[in-house]
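Okay, structure first, notes after.
Indexing begins at 1, ligand by ligand and atom by atom, following the structure's order. Being a predicted model, the structure only gives us computed values, none of them experimental.
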Amino acid sequence: MKRYTIAVLPGDGIGPEVIAQAVRVLEAVGERFEIRFALDTCPVGAAAVRTSNSPLPPETRRAVTRSHAVLLGAVGDPTLDDAPRELRPETGLLTLRKLLDVYANLRPVAIHAALAGCSPLKPDRLRGVDLLVVRELTGGLYYGEPRGRNGKRAINTLAYTTAEIERIARVAFDAARGRRRLVTSVDKANVLEVSQLWRETVTQVGRAYPDVRLEHCYVDTAAMRLVSDPASLDVVLTENMFGDILSDEAAVLAGSLGLLPSASLGDGAGLFEPVHGSAPPLAGRDVANPVGAIATVALLLRHGLNLPAAADAVDDAIAAALDAGARTPDLARPGDQIIGTKEMGSRVVELVLAEALEGLS
Ligand code: IPM
Ligand code: MG
């Protein structure tokens with residue numbers, strides 16, 4: 001029997017609720033595919049600040065460094081908005097990304113046919129939309145030095161090296177080979193020197209991929225294209241801050257931020273988290289959509305553990321649940337029957353196990 005250790009970091013707000021459902025699905029996968037998942041559950045974010053006075057306590061650091069993959073819910077708590085940076089929940093997440101050196105954040109956006117009516121975009125704009133945001137995750141403005149604030153003046157630094165750009169560009173080109181073979185690299189090269197280096201370096205890396213088409217696009221144009229002609233995009237390659245902004249915009253296409261998963265990869269254990277945040281107003285009410293967290297389990301199985309059949313089983317179960325009309329409040333249209341977080345989890349679990357029975361018959 002295969003065995004894997006997974007560090008589970010539920011985090012804040014709706015994180016624990018959606019992760020509870022994701023874990024049930026992971027356990028169903030274990031049952032169906034005879035895989036043993038040893039779960040190591042640890043605090044992160046505001047939850048950890050409360051118990052250990054640190055958003056990434058030493059026990060959590062130890063757990064993630066000895067795991068095969070990390071599953072994280074969400075971090076963020078408005079009551080800590082004025083806390084010093086070392087005590088902010090987001091600092092826990094940023095430190096974790098750096099600790100694992102997960103420089104490549106993959107955020108796939110596909111339109112589920114049964115949910116086409118959930119997006120604010122007209123259905124004809126959504127036809128054929130299937131894109132992947134490849135966001136650089138451990139550099140740029142989030143980490144640049146110097147940084148800080150001095151009374152009425154504050155500073156952050158945008159810096160990238162050729163090596164940092166090369167490694168994320170290779171991830172994008174490799175991903176494009178398994179897709180429609182188009183990379184759209186997003187920058188602001190008409191203004192920023194960093195973007196000029198970005199453009200030059202991506203072009204250089206692209207020479208090794210003659211079978212992949214490369215285009216460059218300014219970030220403002222990319223923001224517009226994402227909503228005016230999203231089907232024209234395949235792999236969107238960009239730096240940390242632009243990727244943060246564009247990936248939330250891209251999530252609107254799918255109908256709800258609550259649907260989208262992400263994988264953050266480096267050379268060691270990967271970090272897997274839904275794209276959505278901690279959504280404090282929804283916490284504890286059994287209304288959050290766990291599909292993003294469950295789809296994140298599929299990415300963990302596919303990219304973190306190299307178990308594609310198990311990953312497909314989870315994706316198929318999600319699709320079947322949505323096809324059968326399972327709708328959390330964020331997806332509900334007039335007349336729909338609404339279900340809660342736990343019930344959505346139950347439906348996916350049942351389908352993961354039902355597919356197993358089908359496989360036997
Ligand atoms: C995301 C989030 C994080 C980010 C926050 C919580 C630090 O918005 O994963 O997109 O900006 O990277
Ligand atoms: Mg974000």
Side-chain angles (χ1 to χ4, degrees), residues 9-16 18-19 22 43-49 54-56 60 64 70-109 131-144 147 156 158 160 164 168 186 219 222-223 226 236-254 256-266 270-283 288-289 292-293 295-296 299-300:
L9 281 46
D12 306 323
I14 60 171
V18 297
I19 287 299
V44 71
V49 171
S54 160
L56 189 70
T60 306
V64 301
V70 182
L71 177 64
L72 184 139
V75 299
D77 183 335
T79 65
L80 289 172
D81 274 355
D82 298 323
R85 187 153 63 91
E86 62 279 10
L87 287 182
R88 287 185 60 98
E90 291 79 5
T91 303
L93 178 57
L94 299 182
T95 311
L96 180 58
R97 289 173 177 171
K98 205 69 175 175
L99 177 71
L100 296 171
D101 196 22
V102 285
Y103 60 88
N105 181 224
L106 311 185
R107 298 188 163 182
V109 180
L131 59 92
L132 173 70
V133 177
V134 176
R135 169 188 175 195
E136 200 293 326
L137 202 61
T138 51
L141 273 174
Y142 279 59
Y143 296 94
R147 66 183 295 161
N156 288 96
L158 175 61
Y160 271 105
E164 285 176 304
I168 190 69
V186 174
V219 63
L226 261 177
V236 176
L237 163 63
T238 192
E239 60 93 46
N240 205 346
M241 181 67 137
F242 295 160
D244 179 46
I245 298 167
L246 293 180
S247 61
D248 268 29
E249 189 189 354
V252 170
L253 305 171
S256 166
L257 189 54
L259 292 168
L260 296 188
S262 89
S264 304
L265 309 174
L271 170 63
F272 299 84
E273 47 176 320
V275 171
H276 64 70
S278 60
L282 305 185
N289 189 347
T296 296
L299 291 184
L300 184 156

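None of Val186, Leu141, Leu158 except one satisfies the side-chain contact (heavy atoms from CB on, under 4.5 Å) rule with Glu239; the exception is Leu158.
Ala295 approaches Leu259 most closely through the heavy-atom pair CB-O, 4.3 Å. Considering every non-hydrogen atom in both Gly270 and Val102, the closest pair reads CA-CG1, 4.2 Å. For Ala222 against Leu246, the heavy-atom pair with the smallest separation is CB-CD1, 4.3 Å.
Under 4.0 Å from any atom of ligand 1, one finds heavy atoms of residues Glu90, Arg97, Arg107, Arg135, Tyr142, Asp244.
A donor-acceptor distance shorter than 3.5 angstrom exists from the side chain of Asp12 to the backbone of Gly76, with no hydrogens or angles considered. Side chain of Glu136 to main chain of Thr138: a donor-acceptor pair is present (N/O by atom type, distance under 3.5 Å, no hydrogens or angles).
Ion pairing between a basic and an acidic side chain is recognised when a charged N comes within 4.0 Å of a carboxylate O; Glu273 and Arg97 show such pairing.
In this structure Arg135 satisfies the salt bridge (charged side-chain N to carboxylate O under 4.0 Å, His left out) test together with Asp244, sequence neighbours excluded.
For the Mg ion (ligand 2), protein N/O/S neighbours under 2.8 Å (waters excluded) are Asp244 OD1.
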Do any side-chain atoms of residues 87-95 form donor-acceptor pairs under 3.5 angstrom with protein atoms, and if so which ones, sequence neighbours left out?
{"unit_1": "Arg88", "atom_1": "NH1", "unit_2": "Asp81", "atom_2": "O", "d": "2.6"}
{"unit_1": "Arg88", "atom_1": "NH2", "unit_2": "Glu90", "atom_2": "OE1", "d": "3.4"}
{"unit_1": "Thr91", "atom_1": "OG1", "unit_2": "Arg85", "atom_2": "O", "d": "2.5"}
{"unit_1": "Thr95", "atom_1": "OG1", "unit_2": "Thr91", "atom_2": "O", "d": "2.5"}

